[in-house]
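First the proteins, then the strands, lettered A, B, ... as listed; each starts at 1. None of these values were measured; they are calculated from a predicted model.
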Amino acid sequence: MSNILTSRKQDYSQWYNDLVLKGGLADYSAVRGCMVIKPYGYGLWENMRDVLDRMFKETGHQNAYFPLFVPKSLFEAEEKNAEGFAKECAVVTHYRLKTDPDNKGKLIVDPAAKLDEELVVRPTSEAIIWNTYKNWIQSYRDLPLLINQWANVVRWEMRTRLFLRTAEFLWQEGHTAHATKEEAIAETEQMLDVYARFAEEYMALPVIRGVKTPNERFAGAEDTYCIEALMQDGKALQAGTSHFLGQNFAKAFDVKFASKDNTMEYVWATSWGVSTRLIGALVMAHSDDEGLVMPPRIAPLQVVIVPIFNKDAEARQKIDDKAAQLIKELRAKGIRVKYDNDDSTRPGWKFAEYELKGVPVRIALGARDLENNQVEVARRDTKEKAPVSLDGIIDHVAQLLEEIQSNLFNRALAFREENTRSIDTWDEFVKALDETPGFISAHWDGTPETEEKIKELTKATIRCIPLNNKQEAGKCILTGNPSTQRVLFARAY
RNA sequence: CGGGAAGUAGCGCAGGCCGGUAGCGCAUCUGGUUUGGGACCAGGGGGUCGCAGGUUCGAAUCCUGUCUUCCCGACCA
């Protein structure tokens, strides 16, 4: 194990890679652009998934599963959606291999096994799902249809980065059908709210809720809502999206229902998703030069107990016994705890290792502590250490976990506020992007052309128009044309 | 897909120009001493040098192709 992490200042990208790889979240694989999610990273994803899944169910959704493959003819049915994803689709053209007659021990694609119709590996599942919904929806009584699926999808990206952009990723995608436009919009907003609450309350990640401009909209949507977060290098990251799809998919797949008035109407649709990209957001939002920093509520491991042994076997037994008791009591409180009594590494090594992994609370337990009826408690977020009496230690730890959770959120929020600037001139805008990156709140004349031009000139995009945005008259940062509100710009992942 | 860099033991690297028995540090294994911030001593194991061709008596080294990764662009959650 190499002990050296690249610092954020030195090379932010390398720091991120180091954390993901050395922190044991993921590994590269033999497949281009695809990563292996390791147990620690997958444990984190499981915790995130479990919370989200509960929130989805609490809002009336059910899980289902649809096929990985989408026949090309279905995929192309909704034109804009198909066009938007066409460039990055993996396509299955054959269903069989055979041994190579010219090269023993090797396989070739059997030309005789060509599919009549190619299968697209789903980059998103609207097509296959709406083709199915057609059969499930006849009457207004079948609505609303509220379905979520946990799945993998494939997008053949040109440039990949662990968790942030991989060719295959895990996500959930909700797909709902409604009788009215208003109800569908309410669903879109409700799910955005679920995502925002999840990000803020569980990931300790403050997010801006907003609406995308037409340029940045999901292919096939009428409106795309999003949550946007700010990373420590001042770049924005889209952490989740919720789309109001109008009747686009209903029309493309002919999904109609008989209303109460006995008229045939197209249903109104939404879709919404978050992915393993959230893990990338988590890493970049909270971690430091010592390693990962996990928010307690979703940390795979919340507390680690490190024994400090010495030669005295009797003292050792006492430490083991006390640790066993602490674990029992912490687990009774629902706290995820591990006792690391591996004798092949010394305490200092373990301290560094669990800091790298971002375990929120570390308890060191030695003979000296037991004599004083105390333990040493260290918190990962501030790296503070303090002796704590064994009387009431369980409550102390439980409370400390909550404190760390809110501290991480407050810290990230303060960072975002420090790095959100209101700017009114083009020169300052350009200068800020290079010198003090972050969110920039600025006026925009509302045209796609201007947005495109700004992107060309600065690589900054409009991250969103914040919900409940204050209306104020102003002049567009680029063109000087009149504007009615500020929008949020940033360079983004 | 364009530009740059790289692939040699689990990890990090040297060797390559000038072809001739594959090396170093960490990790690992065994034994011992240790344990309050990445321990120490002694001994051992592990690599067809990314892959495929070619040149050669002989290739990690020279040539061609190919795959993968990283960084910078274009694309994107």
Side-chain angles (χ1 to χ4, degrees), chain A residues 1-6 11-14 16-18 21-22 27-35 84-89 103 106 123-124 153-173 195 212 215-219 224 226-229 236-243 271-281 290-291 306-312 315-316 319 340-356 362-372 374-376 378 383 385 387 455-456 459 461 463 492-493:
Chain A
M1 155 86 60
S2 167
N3 306 325
I4 303 142
L5 291 174
T6 309
D11 184 341
Y12 191 84
S13 297
Q14 192 56 48
Y16 174 79
N17 285 331
D18 279 2
L21 296 169
K22 293 176 183 167
D27 216 340
Y28 293 113
S29 74
V31 191
R32 175 202 188 88
C34 296
M35 65 179 170
F85 284 103
K87 303 186 292 296
E88 50 193 68
C89 287
N103 199 347
K106 301 288 180 188
T124 181
V153 287
V154 170
R155 296 183 187 175
W156 215 261
E157 301 288 352
M158 290 171 183
R159 208 174 139 201
T160 57
R161 293 193 66 188
L162 295 165
F163 287 114
L164 297 174
R165 185 168 298 107
T166 45
E168 180 194 16
F169 56 94
L170 305 183
W171 77 344
Q172 59 70 217
E173 45 182 328
Y195 288 156
K212 288 287 185 192
N215 277 12
E216 300 279 326
R217 209 173 264 161
F218 176 75
T224 289
C226 63
I227 51 173
E228 292 282 330
L237 187 136
Q238 179 176 307
T241 49
S242 181
H243 314 290
S271 70
W272 27 274
V274 295
S275 70
T276 37
R277 183 181 226 206
L278 286 177
I279 293 176
E290 269 71 53
V306 177
I308 315 290
F309 292 133
N310 55 31
K311 283 180 288 191
D312 183 348
R316 187 185 177 110
I319 292 169
D340 187 351
N341 62 346
D342 179 354
D343 211 16
S344 66
T345 57
R346 297 162 84 248
W349 193 91
K350 291 174 187 171
F351 294 168
E353 177 66 11
Y354 291 107
E355 273 162 19
L356 171 60
R362 181 185 73 230
I363 297 175
L365 184 57
R368 215 161 69 201
D369 294 307
L370 289 184
E371 280 166 26
N372 297 323
Q374 66 177 38
V375 290
E376 180 190 81
K383 301 200 63 190
K385 290 190 286 197
K455 186 178 175 183
E456 258 178 57
K459 291 174 206 152
T461 50
R463 300 318 303 155
Y493 278 98

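Comparing A:A378 and A:F218, the nucleotide of RNA chain B nearest to each residue sits closer to the 5' end for A:A378.
Distance from the side chain of A:W349 is smallest for B:rG38 among the nucleotides B:rG38, B:rU69, B:rC75. Out of B:rG73, B:rC75, B:rC71, the shortest distance to the side chain of A:K87 is found at B:rC75. In the set B:rC75, B:rG38, B:rC70, the nucleotide with an atom closest to the side chain of A:E353 is B:rG38.
Nucleotides B:rG47 and B:rU28 are separated by 15 Å at their C1' atoms, to the nearest Å. With P as the reference atom, B:rG15 and B:rC24 are 15 Å apart, rounded to whole Å. One C1' atom belongs to B:rU68, the other to B:rG31, and the distance between them is 42 Å to the nearest Å. Using P as the reference atom, B:rU48 and B:rG23 are 14 Å apart when rounded to the nearest Å. Separating the C1' atom of B:rC62 from that of B:rG19 is a span of 8 Å, rounded to the nearest Å.
Shown here are the side-chain contact (heavy atoms from CB on, under 4.5 Å) partners of A:D340, two or more places apart in sequence or in another chain: A:V304, A:K338, A:D342, A:K350, A:Y354. Legend: residues meeting side-chain contact (heavy atoms from CB on, under 4.5 Å) with A:E371, ordered by chain and number and at least two apart, are absent. Checked against salt bridge (Lys or Arg N to Asp or Glu O under 4.0 Å), A:E228 has the following partners two or more places apart in sequence or in another chain: A:K212, A:R463. Partners of A:E173 by salt bridge (Lys or Arg N to Asp or Glu O under 4.0 Å), not counting sequence neighbours: none found. For A:R346, there are no salt bridge (Lys or Arg N to Asp or Glu O under 4.0 Å) partners two or more places apart in sequence or in a different chain. Not counting sequence neighbours, the partners of A:L21 by the side-chain contact (heavy atoms from CB on, under 4.5 Å) test are A:D27, A:Y28, A:L162. A:Y195 meets the side-chain hydrogen bond (donor to acceptor under 3.5 Å, both in side chains) test with A:Q172; sequence neighbours excluded. Residues satisfying the ring pair (Phe, Tyr, Trp, His ring centres under 6.0 Å) test with A:F309, not counting sequence neighbours, are none. Every residue two or more places apart in sequence or in another chain that forms a salt bridge (Lys or Arg N to Asp or Glu O under 4.0 Å) with A:R217 is listed here: A:D223.
In this structure, NZ of A:K383 is placed 12 Å from P of B:rG38, rounded to the nearest angstrom. Remark: P of B:rG12 and CG of A:D18 are 10 Å apart, rounded to the nearest angstrom. The interatomic distance linking A:E376 (CD) with B:rG37 (C1') rounds to 9 Å, in whole Å. Between the CZ atom of A:R159 and the P atom of B:rC72 there is a distance of 5 Å, given to the nearest Å. Summarising the geometry, the separation between CG on A:N372 and P on B:rG36 is reported as 17 Å, rounded to the nearest angstrom.
Every stem involving RNA chain B, taken as at least 3 paired positions in a row under the Watson-Crick or G-U wobble test at 3.5 Å, is listed here: B:1-7 with B:67-73, B:10-13 with B:23-26, B:28-33 with B:39-44, B:50-54 with B:62-66.
Taking side-chain N and O atoms only, A:Y354 has no distance below 4.0 Å to OP1 or OP2 of B:rG38. OP1 and OP2 of B:rC11 both lie 4.0 Å or more from every side-chain N or O belonging to A:K22. Here A:N341 does not reach the OP1 or OP2 of B:rU35: none of its side-chain N or O atoms lies under 4.0 Å away.
One N or O donor and one acceptor, one from the side chain of A:K385 and one from the base of B:rG37, sit under 3.5 Å apart. The base of B:rG36 does not come close enough to the side chain of A:N310 for any donor and acceptor atom to sit less than 3.5 Å apart.
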Using a cutoff of under 3.5 Å, can you pull out all pairs of nitrogen or oxygen atoms linking the protein to nucleotides 28-34 of chain B, with atom names and distances?
from, atom 1, to, atom 2, distance (Å)
B:rU34, OP1, A:K311, NZ, 3.3

Polar atom pairs (N or O), protein with nucleotides 3-9 of chain B, under 3.5 Å:
none

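Between the side chain of A:D18 and the backbone N or O of A:T6 there is at least one donor-acceptor pair closer than 3.5 Å.
Residue-level contact check: A:E157 touches the bases, meaning some heavy atom is under 4.0 Å from a base atom. Note on A:T166: a base of the nucleic acid sits closer than 4.0 angstrom, heavy atoms only. Within 4.0 Å (heavy atoms only), A:G84 reaches no atom of the nucleic acid at all.
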